[in-house]
Amino acid sequence: MTERRDKIPEYDFKNIESKWQERWNEQRLFEAPAHPGDAEKFYLLVMFAYPSGDMHIGHFRNYIIGDAVARQQMMMGKQVLHPYGWDAFGLPAERAAISRNIHPAVWTKQNISVSGNTLKKTGVSFDWSREVASCDPEYYKFTQWMFIELFKKGLAYRQRGFVNWCPEDKTVLANEQVVDGRCERCGTGVEKKEQVQWYFKITDYANRLVDDLDDLPGWPDNVKTMQREWIGRSYGLEVDFTIEETSEKLPIFTTRPDTIFGVTFMAIAPESELIERLGMDPEHAAQVEAYKKEVAGRSDIDRASITDDKDGVFTGKYAINPYNGERVQLWVADYVLSGYGTGAVMAVPAHDTRDFAFARKYDIPIRVVIHPDSETVLDAQTMSEAFTEYGPMVNSGQFDGKSGKAATDAVSDFAENKDFGRRRINFKLKDWSISRQRYWGCPIPIIHCATCGEVPVPFEDLPVELPDVEDYHPKGRSPLSDVDSYMNTTCPKCGGEAQRDPDTMDTFVCSSWYYLRYLDPLNENEPFDRDKANAWLPIDLYIGGVTHATGHLIYFRFFHKFLYDIGWINSKEPATRLFNHGMVSDSNGEVMSKSKGNVVSPMELFEEHGVDVSRLAMFFAAPSDRPVGWDTKEFVTGPEKFVYGRLYPMVENYRSSDVDLKQYFKSDELTSDERKVYIKLNQTIKRVSESFERLQFNTAISSLMELTRDFDAVEIQNDHLNDAVILKTIQLIAPLAPHLAEEMWQLCGFDEDSVFKSKWPEYDPKAVIGDVIKVAIQVNGRLRGTVEVPVGSEKAPVEEAAKENEKVRAHLDGKEIVKVIYVPGRLLNFVVKG
RNA sequence: GCGAGAGUGGCGGAAUUGGUAGACGCGCUGGAUUUAGGAUCCAGUUCCGUAAGGAGUGGGGGUUCAAAUCCCCCCUUUCGCACCA
């Protein structure tokens, strides 16, 4: 090995990496044209990142996965678009800046530069000419444009309502940003607060967001399931009950109309305005008031944890069931959510778990109206839990005997005919709250005028620039509201004195359309040119973490559909294939964090082992969708030996035979060793190509290791074959170890053209199976030996050969052969008796 | 609690989707080289057994000539949802 290394220049990764990075840059190898042209297009997108201090090893993994795909697609002849940018507005940047006492703008800019440098050092094939940062006025000008377009269509509206308030960050959070009742960012318990907020009416798109998931076969099922559940569509019936004395209607939503004769009480949410209009007597009114106060003091965390213990208070009032005219008690109960359905429920203790618990606690009657089947009879007195399945209706007058869908339909039809009810679809998904009372975000482009109301800023005046303020600290109201020069303006409509909206937008708004801006990043007049955008859309592969399943990935589909509706793009879904990469943790499976001191920086890795060895090590550690517990020594050793001991030294063996890479070799022109290597080569091409389709680069690398090992083990006389193996190996490894491959490619004499301009190898279909094949011989399903037979052998000769085998014979002796099963090219199984 | 996924050597992980389980790599053992260490190379490495042979893909059952792979029950684990009427 040492003698070999003397002949070729040592692999000096530092110089070689920067050499090729410079060259790619000069040649603009990764810059995509405005239109893909005649070649098939491939839009590869990795989720852009928030620019924190520096790149994490998890980012490193994410980007090299995309990079490998991009480079291979390029070699497959596609016109690839692989852009990158920065999700630069938002709370984390602002909080970090505050703790360092640096202005968020300065801090963000610094970090974009630091992270950008690290990224450039990894040699990822991003088209940097399309780089965007969501905090640039040229970018957020069009975030504001998006807002106004939504506003014009009535899909952006302002409303007073209960919001999730994080007392630590002093801002409102979207439902998606509240996890287990806590702020996703800082972990503080979220409070309910009433406030005027801007909302995007994403619920208008709820049906399509669910239905169109069926048109996304390239999305992982778990993400689609999560989105379906998050949107939470349910079909049911809205029925108007009536409040006894006031005759006010009390609509409720139910998915179980077939249980409506079992209603024994009603419950309304403590937040419901209806409570005030009930006309309760003073005693009950006081109890209800006390209960409301108590509930208001409960945090979301408490509410979530008391799932078993339901409580509530009786109002002293009654409601009438329109089906049977019965009067039932009306309660106020915490377990009724004000934000879902009508904020009131009909309670059927016999057939609903929650109602059952409540009824038992407060001694409310339980009435059975569904039986499991016609034989089994339930007894309300002795039931230990609610029966929540479908079955024939009983005690339900004219509906008795009907069950399941027929029952639901009959009961629903009845209500619709009598006009006291209607079929309805309800969603768990709520409108997207986007106002943030923070400084570092995209200003909301609305002017509040006393006479004209909410007036959008005219396009000519966009962007509404975020003013440079002294004090950007959060104080519970937007810091912008204290900046008079910003707030005071004139109404674009009437010219009178008016005020700007003081809030900024949730960063998820900024990240909902960035993939479109990449398609025309310098356009000053439009968010993007329609032709350019449609030429590249949809995204062919979108790579990112599962964490965004119910947040970003729903918002971004919503935006895409909206833009489709208003005629800006002609695809209904933004991305045809989604890939979730696995996370990187430390070797104990723990998240890397500065406080634990277990952070592995990609830069350290590059310094010590070079970018390409680091890449190979990461790829080799696990398939891309699985988590990796990173251990530098364990993971790097193998790939490093492979590169220095086997792969790179191949170049020294190159014979400059001027081989045509399209040439296939015929059996009779090769020795048997050569034939073996040729077959191995083609099997490897096949396996590596398949590995790329599944993004399973670990198996790609292992087959390349096998190929180089087998190649080293034999003497190759045929110069063309020798060189073909070397060149194709370089091509196959190129997307995974790009600098190394370029260097080797050049050492083999390809001075002019990048290996990425060469054509991805195709395998010789006649050479993926050897001429001779090993067939396993089993007796009663257990392996007793193997025989070598020519490819395509019939059963009889294989059976003959098998019987020659001593061990096999030993197991056949004295037994009766009942059956012989032959799987051509695989195995032969004797089934024996006795 | 509900839903989805996963469980294969000491470790990361393979297995053409029902057909020779453990590819490839790490680690380990022995040997070669070396003043020594490191590095490198060769051989071995699922477990029990000197061997013949047997057992073996979380556990138990089943289908099949043949199961890591398909079916049923259970255990463990990861993730998501968690009063959605």
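If you're wondering where the values come from, they're calculated on a predicted model, not measured in any experiment. Side-chain atoms are counted along with the backbone in the values below, which use heavy atoms only and exclude waters and symmetry mates. Throughout, protein chains are lettered first and strands after them, A, B, ... in sequence-line order, and every chain is numbered starting at 1.
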Quiz item: Sequence neighbours excluded, which residues qualify as side-chain contact (heavy atoms from CB on, under 4.5 Å) partners of A:Ile769?
Solution: A:Ile773, A:Val791
I'd like a list of close polar pairs between nucleotides 47-49 of chain B and the protein, N/O only, cut-off under 3.5 Å.
none

Quiz item: Is there side-chain contact between A:Leu704 and A:Thr684, with heavy atoms separated by less than 4.5 Å?
Solution: yes
Exercise. Please indicate whether A:Lys292 has more than 12 foreign heavy atoms, meaning atoms of other residues, nucleotides or ligands, lying under 6.0 Å from its NZ.
Key: yes
Practice problem: Using ring-ring contact (aromatic ring centres under 6.0 Å, His included) as the criterion, list what pairs up with A:Phe261, not counting sequence neighbours. | Solution: A:Tyr323, A:Phe399
Practice problem: Please state whether the phosphate of B:A85, meaning OP1 or OP2, lies under 4.0 angstrom from any side-chain nitrogen or oxygen of A:Ser234. | Solution: yes
Quiz prompt | Cationic N near anionic O, under 4.0 Å, A:Asp409 to A:Lys405 | solution = yes
Quiz item: Expressed as a whole number of Å, how far does the C1' atom of B:U57 sit from that of B:C42?
Solution: 31 Å
Practice problem: Name the orientation of the base relative to the sugar in B:U20: syn if the glycosidic angle is within 90° of 0, else anti. | Solution: anti
Practice problem: Pick the C1' atom in B:A66 and in B:A32, then give their distance to the nearest Å. | Solution: 45 Å
Exercise. Using the P atoms only, state how far B:G30 lies from B:G19, rounded to an integer number of Å.
Key: 39 Å
Self-check item: C1' gap between B:U8 and B:G3, integer Å
Solution: 26 Å
Quiz prompt | Rounded distance (Å) that lies between atom C1' of B:C81 and atom OH of A:Tyr340 | solution = 14 Å
Quiz prompt | Euclidean distance for P, B:A68 against B:A36 (whole angstrom) | solution = 49 Å
Quiz item: What form does the base of B:G9 take, syn (within 90° of 0) or anti?
Solution: syn
Quiz item: Mind checking what makes side-chain contact (heavy atoms from CB on, under 4.5 Å) contact with A:Pro765, not counting sequence neighbours?
Solution: A:Tyr664, A:Tyr763
Exercise. For residues A:Phe265 and A:Phe358, establish whether the separation of their ring centroids is below 6.0 Å.
Key: yes
Exercise. Any salt bridge (charged side-chain N to carboxylate O under 4.0 Å, His left out) involving residues 774-790 of chain A? Give me the pairs, sequence neighbours left out, ordered by first then second residue.
Key: none
Practice problem: Using the P atom on both, measure B:G60 against B:U50 and round to a whole Å. | Solution: 26 Å
Quiz item: Between A:Glu640 (CD) and B:A39 (C1'), how many Å, whole number?
Solution: 12 Å
Quiz item: How many Å lie between CG on A:Asp586 and P on B:G12, as a whole number?
Solution: 14 Å
Under 3.5 Å donor-acceptor pairs involving side-chain atoms of residues 618-631 of chain A, not counting sequence neighbours:
unit_1	atom_1	unit_2	atom_2	d
A:Ser624	OG	A:Leu695	O	2.7
A:Trp630	NE1	A:Thr632	OG1	2.8
A:Asp631	OD1	A:Lys633	N	3.3
A:Asp631	OD1	A:Glu634	N	3.2

Exercise. For nucleotides B:U69 and B:C24, find the distance between their P atoms and express it as a whole number of Å.
Key: 24 Å
Exercise. Find the distance A:Arg61:CZ to B:G12:P and express it as a whole number of Å.
Key: 14 Å
Exercise. Provide the distance between the two C1' atoms, one in B:C28 and one in B:G9, to the nearest whole Å.
Key: 12 Å
Practice problem: Name all residues meeting the ring-ring contact (aromatic ring centres under 6.0 Å, His included) criterion together with A:Phe13; count only those two or more places apart in sequence or in a different chain, and write none if there are none. | Solution: none
Quiz prompt | Per-nucleotide protein contact string for nucleotides 14-28 of chain B, where B marks a base within reach and S marks sugar-phosphate only (heavy atoms under 4.0 Å, - for neither) | solution = S-B--BB--BBBSS-
Practice problem: Remember a base hit wins even if backbone is also touched, and classify A:Arg233 as base, sugar-phosphate or nothing at under 4.0 Å, heavy atoms. | Solution: nothing
Quiz prompt | d(NZ, A:Lys310; P, B:A85) in whole Å | solution = 14 Å
Quiz item: Given atom CG of A:Asn780 and atom P of B:G54, what is their separation to the nearest angstrom?
Solution: 12 Å
Practice problem: Using atom CZ of A:Arg784 as one end and atom C1' of B:A66 as the other, report the distance to the nearest whole Å. | Solution: 14 Å
Practice problem: Select from A:Lys428 and A:His811 the residue whose nearest nucleotide in RNA chain B is closer to the 5' end of that strand. | Solution: A:His811
Quiz prompt | Contacts of type side-chain contact (heavy atoms from CB on, under 4.5 Å), residue A:Ser691, not counting sequence neighbours | solution = A:Thr699, A:Ala700
Quiz prompt | Protein-nucleotide distance (A:Phe241, atom CZ; B:A85, atom P), rounded to Å | solution = 16 Å
Quiz item: What pairs of residues pass the salt bridge (charged side-chain N to carboxylate O under 4.0 Å, His left out) test when at least one of them lies in residues 686-701 of chain A, not counting sequence neighbours?
Solution: A:Lys686-A:Glu690, A:Arg687-A:Glu706
Self-check item: Closest-nucleotide ordering on RNA chain B, the 5'-leading residue of A:Pro627 and A:Val831
Solution: A:Pro627
Quiz item: How would you list all residue pairs meeting salt bridge (charged side-chain N to carboxylate O under 4.0 Å, His left out) that involve residues 217-228 of chain A, not counting sequence neighbours?
Solution: A:Asp214-A:Arg228, A:Asp221-A:Lys224
Quiz item: Is RNA chain B part of any stem, that is, at least 3 consecutive Watson-Crick or G-U pairs with both distances under 3.5 Å, and where?
Solution: B:1-7 with B:75-81, B:10-12 with B:24-26, B:27-32 with B:40-45, B:46-48 with B:53-55, B:58-62 with B:70-74
Quiz item: So, is A:Tyr335 near the phosphate of B:A85, with a side-chain N or O under 4.0 Å from OP1 or OP2?
Solution: no
